[in-house]
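These numbers come from a predicted model, not from an experiment.
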There are 2 protein chains.
Amino acid sequence: MSSPGSGSRRVTLADVAAFAGVSLATASKALNGRGDVRDATRERVRVAAERLGFEFNTLAQGLSAGRSGTVGMLTSDLVGRFSLPILMGAEDAFGAGQLSVFLCDARGDSIREQHHIRALLRRQIDGFIVVGNSTDPRPPLSLDAEVPVVYAYAPSTSDEDISVAVDDVAAGRRAVEHLVQMGRRRIAHIGGDSAFAAARDRAAGVTVGLEEASLPLGAGGRPHYGSWSESWGRTAARVVLELDPDVDSLVCANDQIARGAMEVVQQSGRGVPDDIAVIGFDNWEVLTADSAPPLTSLDLNLEGLGQRAAQLLVAAIEGAPSPGRHTVEPRLVVRESTGLTSHRR
Amino acid sequence: MSSPGSGSRRVTLADVAAFAGVSLATASKALNGRGDVRDATRERVRVAAERLGFEFNTLAQGLSAGRSGTVGMLTSDLVGRFSLPILMGAEDAFGAGQLSVFLCDARGDSIREQHHIRALLRRQIDGFIVVGNSTDPRPPLSLDAEVPVVYAYAPSTSDEDISVAVDDVAAGRRAVEHLVQMGRRRIAHIGGDSAFAAARDRAAGVTVGLEEASLPLGAGGRPHYGSWSESWGRTAARVVLELDPDVDSLVCANDQIARGAMEVVQQSGRGVPDDIAVIGFDNWEVLTADSAPPLTSLDLNLEGLGQRAAQLLVAAIEGAPSPGRHTVEPRLVVRESTGLTSHRR
DNA sequence: GAAACAAGCGAAAGCGCTTTCGAGAGTTTC
DNA sequence: GAAACTCTCGAAAGCGCTTTCGCTTGTTTC
């Protein structure tokens with residue numbers, strides 16, 4: 001199927017050089033746009049390469065250059081929620097495929113993690129992106145080698161490391177802001193598992209938002225922490241409605257909780273959003289896009305996080321690291337669950 | 001942080017050889033367990049390697065061996081549903097990290113796909129796993145190079161290729177079998193988008209199951225095709241209940257549809273599973289595990305698919321390809337939505 | 001004790017590419 | 001017309017590892 005010489009081994013630079021009637025060195029320089037090569041010669045080499053269907057062998061280039069042009073992405077993403085968006089963001093940032101990504105799933109097992117790390121180091125990867133599975137800071141990787149690492153989603157506990165995190169506080173604040181804008185005044189917060197920073201941060205953001213609007217927090221004046229599940233959303237919604245029957249909106253710490261809460265609100269005879277607006281976090285499409293009504297949610301911008309992580313990693317690889325914790329801005333995705341009351345049928 | 005000589009360049013096999021007082025060749029053979037090396041010598045080299053913290057440079061090994069020990073996984077998994085389980089399965093099968101996986105997301109864009117393919121080929125990958133985003137057969141990759149390819153999830157349209165697919169028919173059949181076992185007799189089927197093979201296959205399986213039990217298909221005797229969404233589940237459930245108020249179970253073509261259907265069933269005053277049992281497909285935990293009630297679902301066994309794909313790819317790489325379409329067995333995951341009526345409170 | 005073997009080891013030639021450095025050839029300068 | 005440059009290009013030395021093949025030893029065999 002390939003060009004002349006098909007059926008045999010791959011075309012090497014030496015073949016191209018021979019075909020173009022130049023030396024290996026010149027061929028290399030010509031194709032890489034480096035060194036002094038007369039334009040005519042360069043062109044001749046280019047044509048030869050084209051004609052023979054030549055492609056560089058990245059392995060060989062890597063060996064010689066001392067860098068492989070690959071990075072390792074280490075995840076523990078059991079639910080498949082974070083890694084792919086982040087990977088996609090990273091791919092974007094790595095651009096025209098200069099860098100390829102080894103994706104490894106450690107499944108929350110540190111033995112497996114170590115194992116993958118060593119395998120990747122043997123592969124001479126130029127850097128690591130470590131994707132945590134919660135926003136809680138994690139201890140840094142212990143590497144013997146000098147390879148730049150960027151921590152994504154879960155920041156490193158050390159400030160000397162490079163981390164990119166979501167901004168849960170901003171997201172919480174933004175959720176309230178939106179509800180207030182939509183005319184809601186009696187806002188309650190159903191939190192996630194308070195053992196997680198995400199739950200506390202989102203609640204903190206809600207508090208900030210309410211303070212800015214000079215509003216009290218509904219349903220007892222405190223967040224109702226529980227777990228990250230739909231069933232907690234149901235339970236908590238019952239509690240909240242009991243505690244504060246006039247509540248007009250619920251900020252739920254994730255989409256699952258929001259789904260559960262919405263269900264109970266509706267079962268109680270109240271309309272969403274007519275009587276109560278509901279907002280979630282994560283913008284997990286499968287939960288938000290097609291519920292009845294579709295759920296407004298704060299997208300924590302994982303793709304953006306992936307891009308940022310990739311940029312920071314590239315910078316670090318090139319010797320210009322930016323240590324510290326970076327964040328990406330959440331995006332509000334408005335759907336009907338927080339629609340204007342007046343707009344509802 | 002590393003062993004002696006820290007702060008400088010990486011330890012090479014030459015260092016180990018020198019330290020152990022043997023030649024490069026011997027060191028290589030010793031550490032690789034190849035060739036004739038006296039036990040004592042082998043041990044001495046081993047100790048030297050350990051002492052110096054030596055790790056092989058896989059790039060160099062690959063260059064010399066002509067294979068890189070990497071495979072490319074090409075996906076278009078926009079929702080993050082397939083790729084990760086498959087990747088995990090593949091990692092398992094690739095075992096002790098002999099093979100590492102480049103994961104690339106083409107985002108359904110064939111330009112990007114081509115781009116990734118070329119980048120991966122330049123990286124000398126030993127094989128491809130192509131993960132489709134539907135179960136519909138897809139045209140084979142057009143490669144110039146002789147690299148084995150395994151098509152996962154979406155099989156190749158060509159029988160000469162190696163494909164691994166889920167078994168939607170078996171799953172449909174199994175769903176009915178389960179319902180029948182639970183004493184259900186009046187079974188309706190809410191299908192997905194009939195433009196997809198998955199929808200048709202699952203429906204076909206349902207038909208087979210019903211035939212085996214000598215039962216008719218409820219709600220008009222035909223599957224109700226629509227789309228893969230929750231909202232279709234709601235719409236269809238209304239239709240089905242209208243058409244056949246005495247239906248005692250719904251086989252829904254995926255978990256989203258099942259969620260939507262369950263919602264409507266409950267709103268109609270019927271209990272799940274007391275009055276109507278509901279079963280979904282895909283076993284997408286976030287939808288099934290924590291709904292009210294939790295949803296029984298057919299897990300199509302994507303991890304198993306990934307494993308199988310990896311095994312087939314390894315076999316093909318080693319020169320023993322098994323062309324044709326292989327399948328993995330679905331697994332029934334029973335939850336409360338199909339519980340025994342008598343067991344329900 | 002010589003002949004015939006076997007076992008253990010190393011020199012050297014790759015794998016495919018990059019890069020340094022010097023040699024020719026062609027220009028410019030005075 | 002020689003000196004001093006400037007361009008182009010190529011020989012060769014790596015990058016780190018594998019593998020072939022032959023040379024030393026040491027061991028058997030009769």
### Task
Check the pair Y151(B), Y153(B) against ring-ring contact (aromatic ring centres under 6.0 Å, His included), reporting the backbone distance first and the verdict last.
CA-CA 7 Å; Y151(B) 297 84; Y153(B) 200 69; over 10 Å; no

### Query
Does R138(B) have any salt bridge (Lys or Arg N to Asp or Glu O under 4.0 Å) partners at least two apart in sequence or in another chain, and if so, which?
E113(B)

### Query
Which parts of nucleotides 13-27 of chain D does protein reach within less than 4.0 Å, heavy atoms only, written one letter per nucleotide 5' to 3' as B for base, S for sugar-phosphate only and - for none?
-BBBBBB--------

### Message
Suppose we screen for salt bridge (Lys or Arg N to Asp or Glu O under 4.0 Å). Which residues come up paired with D167(A), at least two apart in sequence or across chains?
### Response
none

### Task
For dC7(D), take OP1 and OP2 only and decide whether either is under 4.0 Å from a side-chain N or O of R38(A).
no

### Summary
Residue set satisfying salt bridge (Lys or Arg N to Asp or Glu O under 4.0 Å) with R44(A), at least two apart, ordered chain then number -> none

#### Entry: Atom-pair distance (CZ on R42(B); P on dA7(C)), nearest Å
14 Å

### Task
Using five pairs at either end of the helix from dG1(C)-dC30(D) to dC30(C)-dG1(D), determine the angle between the two local helix axes and round it to 10 degrees.
40°

#### Entry: Inter- and intrachain pairs under salt bridge (charged side-chain N to carboxylate O under 4.0 Å, His left out), touching residues 147-165 of chain A, at least two apart
none

### Task
State which residues pass side-chain contact (heavy atoms from CB on, under 4.5 Å) with A18(A); sequence neighbours excluded, sorted by chain then number.
none

### Task
Any pair with a residue in residues 62-71 of chain B that passes side-chain hydrogen bond (donor to acceptor under 3.5 Å, both in side chains), sequence neighbours left out, goes on the list, sorted by first then second residue, please.
S68(B)-T70(B)

Could you list the donor-acceptor pairs under 3.5 angstrom formed by side chains in residues 311-321 of chain A, with sequence neighbours left out?
none

### Message
Run the side-chain contact (heavy atoms from CB on, under 4.5 Å) test against A309(A) and tell me which residues pass, sequence neighbours left out.
### Response
I129(A), V150(A), A152(A), V164(A)

### Non-neighbouring partners of D15(B) that pass salt bridge (Lys or Arg N to Asp or Glu O under 4.0 Å), sequence neighbours left out
R9(B)

Every protein N/O within reach of nucleotides 24-28 of chain C N/O, cut-off under 3.5 Å:
none

#### Entry: Interatomic distance where CG belongs to D39(A) and P belongs to dT8(D) [whole Å]
8 Å

